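Just so it is clear, the structure is predicted and the values come from calculations on it, not from any experiment.
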Amino acid sequence: MTENLFALLRARFPRDPDAPCLIPREGAALTYGAIDALSARMAAALDQAGARPGDRIAVQVEKSPAAVALYLAALRGGFVYLPLNTAYRDDELDYFLADAAPAVVVADPGGAMPGLAARRGAKALLTLDAGGQGTLSDAAAAARGDGDVVARGRDDLAAILYSSGTTGKPKGVMLSHGNLAANALTLHRLWQFGPHDVLLHVLPIFHTHGLFVALNTSLLNGTPILFHEKFVAEHALADLPRATVMMGVPTVYVRLLAQPGLSRETCAHVRLFISGSAPLLPETFAAFERRTGHQILERYGMTEAGMITSALPDRPRRAGTVGWPLPDVNLRLNPATGEIEINGPNVFTGYWRKPDKTAEDFTADGYFKTGDIGQLEPDGMVAIVGRAKDLIISGGFNVYPKEVEACIDALPGVEESAVVGLPHPDFGEAGLAVVTRKPGATITAAQVRAALKDQLANYKVPKLVVFAADLPRNAMGKVQKAMLREAYRAEWDKSLLDKDKSI
């Protein structure tokens, strides 16, 4: 019996092949029968292009129903799906192609991909545009998909996703059919998906959240997906009355709150709002509940493990917490550092071609070291304090940036903040706070530092506070702290020099 993830998903497809699967904002819906048939033809086209089971299929295309069919085609053909962010530039793409050595590259027409793919030895380059057209769709139209699903074991690779690479070069995270199936089945059960659910899908599909969490759980459910090519607040608001579940990053909820039409009536049909990929500010959590009557369900996950913890639909949620460990996840805190360590069927098999890094990131007894610092609440809920790599050790004392950020974010006039550590001649490291103001606010750096001194030990107070129009984020809304360190290093060094001159 095959443990191919596609076989599991297809077994849950509705009996009626005309049942809608993907419903785009414009154009006809793609039914479950149609996506099954299209994925079979695409798998045949990939085979004809020279791909063999276990080969990587690198994909950099715009979000579309055809792109979802391509993902399913890679699974059913036994290929290894390698999605690439559409924002990646030539040098980044060249690194990924060199590292992953894909047999076939599928890209949007134009750009640098043809030359890069040829230089890195790909057997074929196929194209697919946002409308689902290109040489891949042409080849699929001419192919005869026999409907077979290539046998795969639970430990066989289904996908490689590259980590965000906040330190050093990105690493290829190897995810097996068993990893993805276990996580999807657990989330489907835990989030209580049922026959009347309709997912509002507004996320990109080159990332764990939009690809595996959102799509796999809904495909397992065999129900419709309102499929937006990108998030536009007005469009999402218009479709909320048709949806029962929505998944988003914090920025999605902030932008929805900016819409005057967001109300209890608009959200009356929705049973579950889910947020992840970046921390949700308590202020956003509270404002959304006031406007809609819904407590946003937060969960915690990462590329290496899919989802790790989740709040529950039938229990009250608390801002600042990310729920309980999933039933099949073992979670513990390192007693010395507080770092979250996990094992379970969802945890990845290792980093592509990096056995030393894989060994480094696992404990001797098989737990993956997540790099996140956590706290366990009295009721067992998990709170994320910060990243181990973001931990600031100032004068021998540990400073957790999230604690400082929470104090800054609560100040009148502050929109949000990010705290990073930079070298300091006296303390080894010290904190720099980058703050964004609310419209019209005039809060100053001196006021921020004065307020923090009333709330925190002095070693936790940032030595320098600067203001910015916004904070740099990646595609999933995570603040890019490495970019902040680089952007403000000169200003930081100048502040230290000015301090020396004043002594």
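Rounding to the nearest 0.5 Å places NE2 of H294 at 11.5 Å from CE of M246. In this structure, CG in L199 is found 7.5 Å from CG in L226, a value given to the nearest 0.5 Å. Atoms NZ and CE, from K354 and M174 in turn, are 10.5 Å apart once rounded to the nearest 0.5 Å. Separation of atoms CZ (F348) and CE (M302) is listed at 8.5 Å; rounding is to 0.5 Å. Atom CG of L5 and atom CG of L9 lie 4.5 Å apart (nearest 0.5 Å). To the nearest 0.5 Å, the span separating CZ on R76 from CG on D36 amounts to 5.0 Å.
Between D91 and Y95, the closest side-chain pair of non-hydrogen atoms is not below 4.5 Å. With a 4.5 Å cut-off on side-chain heavy atoms, I205 and Y71 do not count as touching. The shortest distance between side-chain heavy atoms of L175 and V173 falls below 4.5 Å. V249 is listed as a side-chain neighbour of V252, based on a closest heavy-atom distance under 4.5 Å. Annotation: side chain of Y351 is in contact with side chain of E304 (closest heavy-atom distance under 4.5 Å). By the 4.5 Å heavy-atom criterion applied to side chains, M247 and T217 are counted as neighbours. You'll find the side chain of L46 stays beyond 4.5 Å of the side chain of D55, heavy atoms only. Counting heavy atoms from C-beta outward, H177 and L180 have side chains that stay 4.5 Å or more apart.
Closest approach of A74 and Y81 over heavy atoms only: CB-CD1, 3.7 Å. Closest heavy-atom contact between P20 and A29: CB-CB, 4.5 Å. Heavy atoms only, all atoms of each residue included: G248 and L203 are closest at CA-CD2, 4.1 Å. The two residues E298 and L280 have their closest heavy-atom pair at OE1-CB, 3.3 Å. Of all heavy-atom pairs between G78 and V150, the closest is N-CB, 4.0 Å. Summarising the geometry of A305 relative to I342, their closest heavy-atom pair is CB-CD1, 3.7 Å, with the distance given to 0.1 Å.
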CA sep, side-chain torsions, deciding dist, call: L30, F227, side chain to side chain contact (heavy atoms under 4.5 Å, CB included)
CA-CA 10 Å; L30 194 66; F227 198 68; over 6 Å; no
Does V322 form a side chain to side chain contact (heavy atoms under 4.5 Å, CB included) with R299? I'd like the steps, not just the answer.
CA-CA 5 Å; V322 290; R299 83 302 178 281; 5.8 Å; no
Set out, in order, the CA-CA distance, both residues' side-chain angles and the distance that settles side chain to side chain contact (heavy atoms under 4.5 Å, CB included) for L136 and V61, then state yes or no.
CA-CA 12 Å; L136 173 61; V61 299; over 6 Å; no
Check step by step if side-chain hydrogen bond (donor to acceptor under 3.5 Å, both in side chains) holds for D155 and S176.
CA-CA 5 Å; D155 294 329; S176 70; 4.9 Å; no
F193 and L220: side chain to side chain contact (heavy atoms under 4.5 Å, CB included), yes or no, with the steps?
CA-CA 9 Å; F193 272 82; L220 272 178; over 6 Å; no
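Judged by distance alone, with hydrogens and angles left aside, the side-chain atoms of R120 form no donor-acceptor pair with the main-chain N or O of L97 at under 3.5 Å. Of the possible donor and acceptor atoms, none in the side chain of S64 sits under 3.5 Å from a partner among the backbone N and O of G132. Although no hydrogens or angles enter the test, the distance criterion places no donor-acceptor pair under 3.5 Å between the side chain of E289 and the main chain of A286. Looking only at distances, no side-chain donor or acceptor of D361 sits under 3.5 Å from a matching main-chain atom of K369. Looking at R317, its side chain does come within 3.5 Å of a backbone N or O of P313 through a donor-acceptor pair. For the pair K63 (side chain) and H228 (backbone), a donor-acceptor distance under 3.5 Å is present. Side chain of R56 to backbone of G54: a donor-acceptor contact under 3.5 angstrom is found. A distance-only check finds no donor-acceptor pair linking the side chain of R25 to the backbone of H235 [under 3.5 Å]. Counting only distance, with no hydrogens or angles, the side chain of N334 and the backbone of E341 share no donor-acceptor pair below 3.5 Å. Counting only distance, with no hydrogens or angles, the side chain of T186 and the backbone of A182 share a donor-acceptor pair below 3.5 Å.
Of the residues listed (F288, F285, W191), the one engaging F273 in a ring pair (Phe, Tyr, Trp, His ring centres under 6.0 Å) is F288, and it is the only one.
Under the rule for a side-chain contact (heavy atoms from CB on, under 4.5 Å), the partners of A7 that lie at least two apart in sequence or sit in another chain are T2, N4, V149. With sequence neighbours excluded, the residues satisfying side-chain contact (heavy atoms from CB on, under 4.5 Å) with L38 are R41, M42, A69. Residues forming a side chain to side chain donor-acceptor pair (under 3.5 Å) with T208 (at least two apart in sequence, or on another chain): none. The side-chain contact (heavy atoms from CB on, under 4.5 Å) search around R318 returns T321, E377, D379, M381, not counting sequence neighbours.
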Please tabulate, one pair per line, all N/O donor-acceptor pairs under 3.5 Å involving side-chain atoms of residues 99-118, not counting sequence neighbours.
unit_1, atom_1, unit_2, atom_2, d
D99, OD2, Y162, OH, 2.6

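Between F368 and F362, the ring planes lie tilted relative to each other; the angle falls in the 30° to 60° range.
R271 and D197 are joined by a salt bridge, as a carboxylate oxygen and a charged side-chain nitrogen come within less than 4.0 angstrom of each other. Look at E360 and K171 and you find no salt bridge, because none of the NZ, NE, NH1 or NH2 atoms lies under 4.0 Å from a carboxylate O. The pair D94-R119 meets the salt-bridge criterion, since a charged nitrogen lies less than 4.0 angstrom from a carboxylate oxygen.
Applying the 6.0 Å contact sphere to NZ of K230 captures no more than 12 heavy atoms from other residues, nucleotides or ligands. Applying the 6.0 Å contact sphere to CZ of R255 captures no more than 12 heavy atoms from other residues, nucleotides or ligands.
Sorted by first and then second residue, the side-chain hydrogen bond (donor to acceptor under 3.5 Å, both in side chains) pairs involving residues 128-153 (not counting sequence neighbours) are T127-T135.
Residues S263 and E265 have side chains that bring a donor and an acceptor to within less than 3.5 angstrom of each other.
A cation-pi arrangement, defined by a distance under 6.0 Å to the six-membered ring centre and an angle within 45 degrees of its axis, is present between R315 and W324. Both cation-pi conditions hold for R332 and Y367: the charged atom is under 6.0 angstrom from the six-membered ring centre and inside a 45 degree cone around its axis.
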